[in-house]
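Report on the structure given below.
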Amino acid sequence: MSISAKYNPADVEDKWYAYWLKHNFFHSEPDEREPYTIVIPPPNVTGVLHMGHMLNNTIQDVLTRKARMEGKNACWVPGTDHASIATEARVVAMLKEKGIEKSSLSREQFLDYAMDWKDKYGGIILEQLKKLGASCDWARTRFTMEPEMSAQVIKVFVDLYQKGYIYRGIRMVNWDPQGKTALSDDEVIYKETPAKLYHIRYQIEGTTDEWITIATVRPETILGDTAICVHPDDARYQHLHGRRALIPLINRPIPIITDGYVEREFGTGALKVTPAHDPNDYELGLKHNLEVLDILNDDGTLNEKAEIYVGQDRFVVRKKIAKELEEKEYLVKTEDYKSNVGHSERTNAVIEPKISLQWFLKMDTVTIPALENVLNDTVQLHPPKFKNMYRSWMENVRDWCISRQLWWGQQIPAYYISGSREFVVAETAEEALQLARQKTGNNQLQLADLQQDPDVLDTWFSSWLWPISVFNGILEPDNKDVNYYYPTNDLVTAPEILFFWVARMIIAGYEYRGERPFKNVYLTGIVRDKQGRKMSKSLGNSPDPLELMVKYGADGVRTGMLFSSPAGNDLLYDEKLSEQGRNFNNKIWNAFRLIKGWEVDSSKRGEANAVAIAWFRNRFAQALQELEENFAGFRISDALQTVYKLAWDDFCSWYLEMIKPPFGEAIDGATYEATLGFMEDLMKVLHPFMPFITEEIWQNLKERQEGESLCVSAWPKADQFNAGLLTDATVAFEVVQNVRNLRNSRGMSPKDALQLIIRTERPQLYRDWDGVVRKLANLSDLQFGDKPEGAISMVIGPDELSIPLAGSIDAAAEKESLLKELEYTRGFLDSVEKKLGNERFVNNAKPEVVEAERKKKADAEARIKALEESLSALSA
RNA sequence: GGGAGCAUAGCUCAGCUGGUUCAGAGCACCUGCCUUACAAGCAGGGGGUCACAGGUUCGAAUCCUGUUGCUCCCA
């Protein structure tokens, strides 16, 4: 069989993914095994795969695949999120292109269009995840708006309402006048925008020439003012306390109040208070019991409460009123000013802080177990530094505004009774009717007399149930799936949504299951470009993951992502990382080529390789232990590094070179079998990181049956290892490296065989490694003894290596380097002796630390002795 | 304004409970090699006062305090 010298991922990836699916390896059903469950952070149906998903899902796949190989019943539940605002905006835009206005459609018609759109585009991202190799249980794919999922959301709403946690209230919300909906804080993007600060004077009531001047960037809102506020200690305004000022143009009188909140240095030190149109003013208004005067319509035009400019847009009015104020000499001056203006993430309209009637969830009590169980590590955050952030949020949490003025989502199950201000909350219209009849005592009420609230619930209000609802745990709280899979094990997500999503899932978990939703939360970083900028469509600095996978292979990109992604830290993505991943794949591929290319001669004896085999077996055990520790601490990047070095350095660079037969010669059967076993174990520990290439190699390493797969093979068991053997090996390797270095520095070819003479008190070590050292250092002979005439020497630990060299030996240079070493080692010994001579050290330090120092001392002394002997031989 | 985090090689980062397995990895760089698995490679090498200043300690990259610079969260 001829195998390509370059690994070609395209040849194998689709083949093995199809094979895995065909044999249902990723599907999970409850059984007697220990479950391992991950629910995917459901991507938006509007989304396409980006680098953040790549990182996030690679990590989930690594964890899932490892658990599956460990014999756990692994279940990774995939799905998508309906994303109310984003999707509705997308559908509205799509309709607009077709010439259809949303306002011309009924709710049902619109939802039909939206569902069609979702069916067409909503699954794209999941298909893309398959290219990445994601081992999700596709039979369990969920969508947050499918009937069973929505039913759970509605049930929870009704339940929380009945418990008294949900209420309707007036609040200041971020209003998008274009989308005509309230937005949550995270859907608002603040941009620094050049603006003007208008200084406007208000006449004091009952005077002819007394004024107070305020400064504002929004002169149109003076029409909604209900007070002017000054600092109580501000000397400039002492005489005005308790007086009233007249709003220019409309002459409505408003009180002048005092509050320490006002910054005296800002503007004129006098603050106009517009409770309906500024969040801070709103708070101030509550405190001082001010009237809330809303002068804006939902679309951003002024209403009749403004008295003037009614029906005109807020920005048009800003210009006009500034002009009028100037003409009528109310405008004192204007100055340039930079202000942070909120824009809608979806429509880019300038956000209007607006008083509105919304639905809220009270957060004060439901958050208690969610806070407590993160602080006591029942739910562990990785890295733990996020606990602080989590706590500060949970301790200062505000009630959650859960209503959105949209159609795409779960419609709020509140029904208003015609002809009254009453409403009822129920899971169905029929139940609502019953309730309404009871409530009103009017048995004549019909369905037609009820009007369901037109708004839908915040998308997070459905996704906070995700770890429960994917197993239908709200509707059937005792079903076998939810009992088996819940609580889930690990959640992998971005710190950006720690509050919006993770915290709320924990709340819902305790509220509805009385238990944490997951044990571990692994927080990934944000994927940034080389310059540290967040990857975004508008910057165009994000590579297309699919193209990247075509170029470097899915395995290459997966490992590339993980090379530089410690938990919780941002990842500065460079295509070089994928290249490195691809190169690693190629390296492994070539190791496979080498092994497969060998002729095996089972009559041949292979004792010479025994030490190499013993060494690698122990080295593997050591690395496996390290690997397990890395996984246990969620240090995924380090875990990859461990197997990377094991495969490349230890297996390829050392082990294979040790046992490789000379060209044209066969390998003995015992060494071959051992090597196949090592390769197979390597494929196992590499598989979670690079599933495709490892499966391809594993399938071809030995005869396999249809239905067998690496992805369900048993993970290697961690064995004890012989540490002494491993340290002996490092001595042998050091000898090899020294000889190679000598050749290199003297410009000699590796083909020139050299003679090596070792002066040592531990000859057995060198005898054990004789064959390996001879082969790797290309020695013609290895003997024990003193340095002969005309040889160059080096000192390794307490041992002296000599290599006879024909021709020039620069005795002076050699002496200099030996002296330098001697000096360093003496200095080192000195510091060690100082430590040991210090009574306080010997008494206070741990015994093993003191013991280590004693060993250092002995080593240093031996080394000094060897160096001195070399030097004296040199001068002799 | 309040809170948190970070600062280690040219770059990205490890360094878990203070002690040569403590100054490390990968990439980049330099030198020499197309050596019959791999140039997507091999062998070898250089490079850091661990931000700055104090302190605790027998001993500090590691613990404490302050300074400077950057980042994030909340307002």
Side-chain angles (χ1 to χ4, degrees), chain A residues 3-7 185 263 279-280 283 383 385-393 395-398 495-496 498-499 525-526 528 530 532 552-553 556 560 563-566 568-574 576-577 579-598 629-630 632-633 635 637-638 640-642 644-645 648-649 652-653 656-657 660 662-664 723 726-727 730 736-751 776-778 828 831-832 834-846 848-850 852-853 855-856 859-860:
Chain A
I3 311 170
S4 160
K6 298 240 185 302
Y7 171 61
D185 292 341
E263 276 181 58
N280 296 319
E283 297 293 331
K385 67 177 180 185
F386 287 105
K387 273 168 86 174
N388 281 331
M389 262 168 70
Y390 182 88
R391 186 181 61 200
S392 78
W393 188 74
E395 283 175 349
N396 301 298
V397 68
R398 310 177 94 183
E496 303 166 290
L498 183 58
F499 311 142
I526 297 165
R528 298 176 180 275
K530 263 190 282 190
Y552 298 107
F563 276 133
S564 174
S565 57
N569 277 3
D570 289 358
L571 178 156
L572 268 64
Y573 187 80
D574 186 336
K576 275 240 145 52
L577 291 167
E579 201 181 308
Q580 195 190 341
R582 179 199 60 182
N583 294 354
F584 182 43
N585 278 265
N586 199 48
K587 184 72 190 176
I588 291 164
W589 184 250
N590 275 287
F592 166 65
R593 274 183 73 214
L594 176 70
I595 294 169
K596 282 309 274 187
W598 280 333
E629 284 164 10
N630 286 329
R635 293 184 297 269
S637 210
D638 292 356
L640 172 62
Q641 194 75 245
T642 300
Y644 181 85
K645 285 202 270 193
W648 198 313
D649 299 344
C652 293
S653 296
L656 288 178
E657 293 301 330
K660 189 161 98 178
F663 180 67
L726 294 171
T727 45
T730 61
V736 170
Q737 278 168 327
N738 270 276
V739 176
R740 282 171 174 172
N741 185 13
L742 178 85
R743 269 206 196 83
N744 234 312
S745 62
R746 301 191 150 240
M748 297 167 70
S749 161
K751 286 175 185 158
L776 299 189
N778 188 21
F828 175 65
S831 79
V832 174
K834 231 182 234 166
K835 260 191 216 180
L836 287 168
N838 184 332
E839 236 175 88
R840 298 171 77 178
F841 170 73
V842 181
N843 294 337
N844 295 336
K846 282 180 283 186
E848 58 266 32
V849 172
V850 178
E853 291 303 315
K855 178 150 194 323
K856 278 187 228 164
D859 288 351

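Numbers restart at 1 for each chain; the letters A, B, ... are given by sequence-line order, proteins then strands. Quick caveat, the model's predicted, so the values are computed rather than measured. Just the heavy atoms: all of them, side chains too, but no hydrogens, waters or symmetry mates, feed the values below.
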Closest to side chain of [X], choosing from [options]:
| X | options | answer |
| --- | --- | --- |
| Asn744(A) | rA37(B), rG32(B), rA14(B) | rG32(B) |
| Phe841(A) | rU31(B), rC58(B), rC42(B) | rC58(B) |
| Phe499(A) | rA39(B), rC73(B), rA37(B) | rC73(B) |
| Phe828(A) | rA40(B), rU31(B), rU20(B) | rU20(B) |
| Gln580(A) | rC38(B), rU20(B), rC27(B) | rC27(B) |
| Glu657(A) | rA39(B), rA43(B), rA37(B) | rA37(B) |
| Asn388(A) | rA4(B), rA40(B), rA37(B) | rA4(B) |

Span that lies between the [atom1] atom of [M] and that of [N], in whole angstrom:
| N | M | atom1 | result |
| --- | --- | --- | --- |
| rA51(B) | rG5(B) | C1' | 16 Å |
| rU17(B) | rG54(B) | P | 27 Å |
| rU49(B) | rA9(B) | P | 9 Å |
| rG1(B) | rC22(B) | C1' | 42 Å |
| rU56(B) | rG3(B) | C1' | 27 Å |
| rC74(B) | rA14(B) | P | 24 Å |
| rU12(B) | rC70(B) | P | 16 Å |
| rG47(B) | rA28(B) | C1' | 12 Å |

Between [N] atom [atom2] and [X] atom [atom1], what is the distance in whole Å?
| X | N | atom1 | atom2 | value |
| --- | --- | --- | --- | --- |
| Arg635(A) | rA25(B) | CZ | P | 18 Å |
| Leu640(A) | rU12(B) | CG | C1' | 15 Å |
| Asp859(A) | rU21(B) | CG | C1' | 13 Å |
| Arg582(A) | rC38(B) | CZ | P | 16 Å |
| Trp589(A) | rA39(B) | CH2 | P | 15 Å |
| Leu577(A) | rU12(B) | CG | P | 12 Å |
| Gln641(A) | rC27(B) | CD | C1' | 11 Å |
| Lys645(A) | rA14(B) | NZ | P | 15 Å |

Going by purine N1 to pyrimidine N3 plus the second Watson-Crick contact, or the G-U wobble pair, all under 3.5 Å, which nucleotide sits opposite [N]?
| N | answer |
| --- | --- |
| rA43(B) | rU31(B) |
| rU56(B) | none |
| rG1(B) | rC74(B) |
| rC50(B) | none |
| rC6(B) | rG69(B) |

Check whether any side-chain nitrogen or oxygen of [X] sits under 4.0 Å from OP1 or OP2 of [N], and answer yes or no.
| X | N | value |
| --- | --- | --- |
| Asn741(A) | rG45(B) | yes |
| Lys587(A) | rC42(B) | yes |
| Asn583(A) | rG41(B) | yes |
| Trp393(A) | rG2(B) | no |
| Arg740(A) | rG44(B) | yes |

Classify the angle between the aromatic ring planes of Phe563(A) and Tyr644(A) as parallel (below 30°), tilted (30 to 60°) or perpendicular (above 60°).
perpendicular

Which class fits the ring pair Phe499(A) and Trp393(A): parallel under 30°, tilted 30 to 60°, perpendicular over 60°?
parallel

Within this structure, what is the CD-CG distance for the pair Gln737(A) and Asn744(A), rounded to the nearest 0.5 Å?
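So the gap between those two atoms works out to 12.0 Å.
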
Between atom NZ of Lys660(A) and atom CG of Leu776(A), what is the distance when rounded to the nearest 0.5 Å?
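Result: 10.0 Å between the selected atoms.
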
Output yes when a side-chain donor or acceptor of Asn586(A) lies under 3.5 Å from a complementary backbone atom of Arg582(A), and no otherwise.
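Checked: no pair found.
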
Within the modelled atom types, does a donor on one side and an acceptor on the other bring the side chain of Lys576(A) and the base of rC27(B) under 3.5 Å apart?
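When only heavy-atom distances are counted, Lys576(A) does not reach the base of rC27(B) through any donor-acceptor pair under 3.5 Å.
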
What is the minimum heavy-atom distance between Asn590(A) and Ala5(A), and which atoms define it?
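That would be ND2-O, 3.3 Å.
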
